[in-house]
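Indexing begins at 1, ligand by ligand and atom by atom, following the structure's order. By convention here, the first residue in the shown sequence is residue 1.
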Amino acid sequence: MTNRIAILISGRGSNMVAIANAIDDGRIPNAEIAIVISDQPYAKGLRIAHERGLKTLVIERGGRKREEHDREIISILREERVDLICLAGYMRILSPLFVDAYKDRILNIHPSLLPLFRGLDPQRQALDHGAKTSGCTVHFVDNALDGGPVIAQRTVPVLEDDTVDTLSARILEQEHILYPEAIASVLSGFKVK
Ligand code: GRF
């Protein structure tokens with residue numbers, strides 16, 4: 001059976017591309033991208049997904065309550081018979097309605113070694129704290145912000161002369177390796193202890 005993946009984005013979409021590449025070259029076996037959904041109509045990643053021949057859809061918040069927005073997304077995910085949802089730079093917090101509808105089937109990637117530096121600007125937080133090591137984490141999404149169980153992590157050194165940009169770039173390179181590995185591991189039965 002082919003696992004149908006939905007990728008939710010808000011921006012650049014480089015992790016989405018990394019996942020699509022990994023499916024194409026067999027690093028994520030038995031999987032296909034069912035749909036790429038963006039809450040932002042001008043997300044760069046949308047154009048890239050479209051050019052790649054992926055099905056795309058914009059579902060804007062449009063001033064609605066979080067639950068109402070999520071309800072529309074859930075109905076599309078059901079229509080598309082989605083098995084796994086990968087948040088990839090999706091800048092909205094999911095409602096409990098969404099999290100509960102797809103329990104243990106929503107993954108997120110975050111550019112820090114969780115549980116350190118949750119929330120916004122984790123690379124800046126790492127630099128401000130004088131961290132000597134940082135990295136990225138793929139985790140299951142639960143109702144706590146960047147809080148669900150960890151699936152996999154990769155570390156990078158923080159260098160003396162790092163800026164937010166140089167550290168972010170070093171972490172991003174590892175994100176593109178980590179996310180496909182974590183997805184493959186979840187699809188082959190990874191469970192939280
Ligand atoms: C990545 O750093 C990811 O860890 C974070 O948002 C960024 C998204 O980048 N959640 P991209 O859109 O995948 O290029």
Among protein heavy atoms, which sits nearest to [atom], and what does the distance come to when rounded to 0.1 Å?
atom	answer
atom 8 (C) of ligand 1	G89 CA, 3.6 Å
atom 9 (O) of ligand 1	R12 NH2, 3.0 Å
atom 4 (O) of ligand 1	E175 OE1, 2.7 Å

Does a salt bridge link D24 with R52, judged by any charged N lying under 4.0 Å from a carboxylate O?
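Judged by the 4.0 Å cut-off on N to carboxylate O distance, D24 and R52 do form a salt bridge.
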Is there a polar contact, in the sense of an N or O pair closer than 3.5 Å, between [X] and ligand 1?
X	result
Q123	no
G13	yes
N108	no

Hey, is I109 one of the residues with a heavy atom under 4.0 angstrom from ligand 1?
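Yes, I109 has heavy atoms under 4.0 Å from ligand 1.
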Against ligand 1, does G45 come closer than 4.0 Å with any heavy atom?
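For ligand 1, residue contact (heavy atoms, under 4.0 Å) with G45 is absent.
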What are the two closest heavy atoms between R78 and A101, and how far apart are they?
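In terms of heavy atoms, the two residues are closest at NH2-CB, 3.9 Å.
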Counting N and O atoms only, with roles assigned by atom type, does the side chain of N108 sit under 3.5 Å from a partner on the main chain of H139, one being a donor and the other an acceptor?
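No.
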Taking the six-membered ring for Trp, are F117 and H110 ring centroids under 6.0 Å apart?
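Centroid distance F117-H110: not below 6.0 Å, so no.
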Judged by modelled atom types alone, do S10 and D39 share a side-chain donor-acceptor pair under 3.5 Å?
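The answer is yes; a qualifying pair exists.
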Determine, stepwise, if the pair R92 / H69 fulfils side chain to side chain contact (heavy atoms under 4.5 Å, CB included).
CA-CA 10 Å; R92 289 190 52 76; H69 182 220; 3.3 Å; yes
